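Have a look at the structure below, then the notes.
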Amino acid sequence: MLDPRLLRESPDIVRAAIAKKHLQVDLDAVIALDNAWRALLQETESLRSRQKAANNDMAKLPKGSPEFIAKVAEMRAVSAQVKEKETALKAAEEKCRAAMLSLPNIPHASVPEGATPEQNVVFSTHGDIAALVSAHAKPHYDIPGFNKLFDFDRGAKVTGAGFPFYVGDGAKIVRALLQFFLDEDTKAGYTEVNPPIFVNEASATAVGQLPDKEGMMYETIPDRFYAIPTAETPLTNFFRDEIVDEAALPICRCAYTPCFRREAGSHGKDVRGLNRLHQFDKVELLKWVHPSTSYAEHDKLRNDAERLLQKLELPYRVLLMCGGDLGFSQSKKYDLEVWSGGQQRWLEVSSCSNFESFQARRAQIRFRAKDGKPELVHTINGSGLAIPRVLSALLENNLQADGRIKIPAALVPYFGKEYLTFL
RNA sequence: GGAGAGGUGGCAGAGUGGUCGAAUGCGCCUGACUCGAAAUCAGGUGUGCCGGCAACGGUACCGUGGGUUCGAAUCCCACCCUCUCCGCCA
């Protein structure tokens with residue numbers, strides 16, 4: 001959510017932000033709703049003020065006295081008016097809040113102009129893609145024996161499409177990657193957290209998944225919990241409605257969780273094999289930072305995620321997202337894409353985003369500044385990293401002529417052997 | 001799942017219909033005393049929203065949401081959470 005004062009004082013900044021993100025929002029309607037709400041609030045509060053003054057007078061009067069009885073009669077009418085106004089006020093407030101929630105975050109000045117993913121800027125490229133071209137290269141789902149270690153058919157039987165079983169070395173490579181990521185992230189200064197993987201409605205709302213993305217999440221009956229689409233959801237809510245110690249900032253945490261995404265409407269080549277799943281494992285990095293260090297911490301977090309790909313010796317590139325491809329709630333975002341040599345395509349394995357105070361305002365996460373006034377923190381997060389696509393690149397890029405997969409040196413201590421075998 | 005108790009400011013803890021944003025204690029901040037500190041004494045010390053350049057004014061908040069009433073921290077209803085006992089169970 002944006003600061004309402006920004007809308008009132010500098011609507012042009014908001015207008016420019018909407019344009020840069022290539023969104024359609026009727027800003028004037030939002031402003032009108034805000035004005036209407038404020039006018040109604042004034043009226044209601046002055047009525048209540050009158051009511052309060054009368055109450056104080058009545059407290060001094062003897063209960064049964066004629067003056068008292070007259071006051072009761074008089075205030076009965078005011079009370080009815082207050083109730084009426086309060087009902088109207090509540091409706092106006094809800095409309096206004098909904099309208100405010102429809103306003104996107106302001107993109108940072110360094111975000112490039114652009115409407116489509118093609119206009120994202122390649123920020124940096126690492127590793128040698130050409131070296132991966134070989135005669136036996138193939139998509140991971142076509143590698144002989146793939147279905148033994150990554151059993152999609154039985155997963156479909158037991159649960160549904162996109163819920164594979166990982167078997168034998170398949171399970172072990174997932175565990176090795178998770179352990180490796182968590183160890184590296186911890187070394188980089190992130191405190192490991194093991195959060196709940198279901199959240200309530202308030203938590204989903206605070207990070208912006210509700211309203212709007214309810215169709216993307218699995219919901220439980222009868223408790224109305226949501227299966228988390230990312231560890232960002234429970235992690236960000238850790239400090240919801242709290243004022244944290246300024247000296248503790250930045251607070252850096254990492255968490256492994258399974259992630260659940262309905263991905264309604266996704267079909268075709270993009271979703272084959274490990275490319276897109278309804279349940280997958282991911283380690284998330286998250287920081288609560290002081291606004292003054294926000295972008296430096298954002299860069300650091302991106303570097304922390306990049307280091308993981310470097311240690312796994314996977315070629316990757318970093319995209320700086322243009323305004324049109326920036327999410328609704330982000331001020332700036334880098335995507336890390338790993339090169340998948342068999343499919344000959346880039347796969348997104350991490351989005352490193354700075355939300356500035358957009359999430360913190362909704363979630364009411366603040367710190368006490370030196371002058372004593374609470375101030376909103378900035379939140380930053382990114383994957384470090386998502387397992388299936390890293391795995392898919394690992395399988396494709398490291399496929400040997402004999403059908404085995406060479407395990408990167410950094411991962412060998414975790415995996416326990418130098419090769420993964422399918423058959 | 002059953003029975004009972006309870007949820008009040010940073011913490012502890014009073015308050016059962018009106019002058020209560022809320023006693024008191026602790027903590028914290030400022031000042032006095034002191035070479036300095038401790039102790040002591042005096043004063044201060046929640047958050048949001050609206051209006052205002054500001055000083056400040058208004059209003060809301062006693063787990064959450066409804067209700068009763070001229071008036072609710074206080075009474076009624078629902079829900080959430082915590083604790084105790086019983087039951088069940090990884």
Side-chain angles (χ1 to χ4, degrees), chain A residues 1-10 30-101 103 194-206 210 219-226 234 237-248 258 357-377:
Chain A
M1 192 159 75
L2 287 178
D3 187 346
R5 274 178 287 262
L6 183 69
L7 179 66
R8 287 166 203 154
E9 288 160 20
S10 317
V30 180
I31 292 170
L33 284 171
D34 181 54
N35 287 334
W37 169 70
R38 282 191 288 164
L40 203 49
L41 183 69
Q42 292 288 336
E43 292 172 35
T44 310
E45 288 196 346
S46 72
L47 269 177
R48 278 205 283 239
S49 177
R50 196 177 144 199
Q51 199 176 31
K52 218 168 151 178
N55 288 344
N56 287 346
D57 293 344
M58 289 169 77
K60 292 175 194 126
L61 294 171
K63 275 273 153 56
S65 66
E67 299 98 313
F68 188 90
I69 290 163
K71 272 280 188 197
V72 169
E74 183 194 335
M75 293 319 292
R76 201 167 276 162
V78 176
S79 177
Q81 278 182 59
V82 167
K83 271 187 187 136
E84 209 173 287
K85 285 282 181 204
E86 278 181 342
T87 307
L89 181 67
K90 208 173 193 177
E93 203 175 311
E94 266 164 37
K95 267 194 204 163
C96 194
R97 185 177 160 78
M100 285 303 297
L101 289 177
L103 299 180
N194 189 335
I197 59 171
F198 292 96
V199 294
N200 57 30
E201 191 179 350
S203 295
T205 305
L210 292 176
E219 194 179 343
T220 67
I221 302 285
D223 298 293
R224 290 201 17 106
F225 292 149
Y226 295 90
N237 276 282
F238 188 91
F239 291 116
R240 172 152 57 87
D241 297 324
E242 291 189 32
I243 297 175
V244 301
D245 195 357
E246 181 177 24
S357 59
F358 197 79
Q359 284 185 327
R361 183 169 293 102
R362 266 201 194 199
Q364 282 299 301
I365 304 169
R366 295 171 291 171
F367 66 93
R368 198 172 290 283
K370 287 194 179 62
D371 64 2
K373 284 267 163 282
E375 204 178 311
L376 295 165
V377 300

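Below, read A as the first sequence line, B as the second, and so on, with proteins coming before strands; counting in each chain starts at 1. Source: prediction; values computed, not measured.
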Between B:rC49 and B:rU68, how far apart are the P atoms? Round to whole Å, please.
30 Å
RNA chain B: 5'-proximal contact among A:Ala73 and A:Ala59 (nearest heavy atom)
A:Ala59
Measuring only the P atom in each nucleotide, how far is B:rU40 from B:rC76? A whole number of Å is fine.
44 Å
What's the gap between B:rG13 and B:rU84 when it is taken at their P atoms, as a whole Å value?
16 Å
Starting from Watson-Crick (N1-N3 plus N6-O4 or O6-N4) and G-U wobble pairs under 3.5 Å, report the runs of at least three that RNA chain B belongs to.
B:1-7 with B:80-86, B:10-12 with B:24-26, B:27-32 with B:40-45, B:46-51 with B:56-61, B:63-67 with B:75-79
Is A:Lys52 close enough to B:rG18 that one of its side-chain N or O atoms is under 4.0 Å from OP1 or OP2 there?
no
OP1 or OP2 of B:rU59 versus the side-chain N and O atoms of A:Ser49: is any pair under 4.0 Å?
yes
Given 3.5 Å as the limit, does a donor-acceptor pair link the side chain of A:Asp223 with the main chain of A:Phe225, or not?
no
Rounded to whole Å, CG of A:Leu89 lies from P of B:rC61 at a distance of 13 Å
Protein-nucleotide distance (A:Asn200, atom CG; B:rC81, atom C1'), rounded to Å
12 Å
Under 4.5 Å between any side-chain heavy atoms of A:Glu43 and A:Leu47, yes or no?
no
Euclidean distance, atom NZ of residue A:Lys71 to atom C1' of B:rC70 [Å, nearest integer]:
10 Å
Contacts of A:Lys83 and A:Arg50 projected onto RNA chain B by closest heavy atom; the upstream (5') one is A:Arg50
So, is A:Ser79 near the phosphate of B:rG71, with a side-chain N or O under 4.0 Å from OP1 or OP2?
yes
May I have the list of side-chain donor-acceptor pairs in residues 51-65 of chain A shorter than 3.5 Å, sequence neighbours left out?
residue, atom, partner, partner atom, Å
A:Asn55, ND2, A:Gln51, O, 3.4
A:Ser65, OG, A:Pro62, O, 2.9
A:Ser65, OG, A:Phe68, N, 3.2

Can you measure A:Asn55 atom CG to B:rU69 atom C1' for me and round it to whole angstrom units?
10 Å
Using the C1' atom on both, measure B:rG58 against B:rG1 and round to a whole Å.
50 Å
Integer-rounded Å distance: B:rC80 P and A:Asp241 CG
19 Å
When the C1' atoms of B:rC79 and B:rG7 are considered, how many whole Å apart are they?
14 Å
Between B:rU82 and B:rC41, how far apart are the P atoms? Round to whole Å, please.
42 Å
C1' atoms of B:rA5 and B:rA90, separation to the nearest Å
29 Å
Judged by atom type as modelled, is there a donor-acceptor pair below 3.5 Å linking the side chain of A:Thr44 to the main-chain atoms of A:Leu40?
yes
Taking side chain as C-beta onward, heavy atoms only, is A:Arg224 less than 4.5 Å from A:Asn200?
no
Is A:Ile365 close to A:Gln359 at the side-chain level, that is, under 4.5 Å between some pair of heavy atoms?
no
When rounded to the nearest Å, what value does the distance between P atoms of B:rG87 and B:rA78 take?
28 Å
Between B:rC50 (P) and A:Arg97 (CZ): distance, integer Å
13 Å
Answer yes or no: is there a side-chain heavy-atom contact under 4.5 Å between A:Asn237 and A:Val199?
no
Nearest listed nucleotide, side chain of A:Lys63, among B:rU68, B:rG18, B:rA60:
B:rG18
Verify, without hydrogens or angle tests, whether A:Arg48 (side chain) and A:Val82 (backbone) share a donor-acceptor contact under 3.5 angstrom.
no
Between A:Met58 (CE) and B:rA72 (P), how many Å, whole number?
11 Å
Would you classify A:Gln51 as touching base, sugar-phosphate or nothing, given that sugar-phosphate means primed atoms plus P, OP1 and OP2, and contacts are heavy atoms under 4.0 Å?
sugar-phosphate
Whole angstrom is fine here: how far is it from NZ in A:Lys60 over to P in B:rC20?
10 Å
With the criterion being N/O to N/O and under 3.5 Å, what pairs connect the protein with nucleotides 44-49 of chain B, and how long is each?
residue, atom, partner, partner atom, Å
B:rU47, OP1, A:Arg368, NH1, 2.7
B:rU47, O3', A:Arg366, NH1, 2.9
B:rG48, OP1, A:Arg366, NH1, 2.7

Measure from the side-chain heavy atoms of A:Gln42 and tell me the nearest of B:rU68, B:rG51, B:rU59.
B:rG51
CD of A:Glu84: more than 12 outside heavy atoms within 6.0 angstrom?
no
What nucleotide, of B:rC50, B:rU59, B:rG18, holds the atom closest to the side chain of A:Arg38?
B:rC50
Using a 4.5 Å cut-off on heavy atoms from C-beta on, say whether the side chain of A:Phe358 contacts that of A:Leu2.
yes
Within the distance-only criterion (no hydrogens, no angle test), does the side chain of A:Glu45 pair as donor or acceptor with the backbone N or O of A:Gln42 below 3.5 angstrom?
no
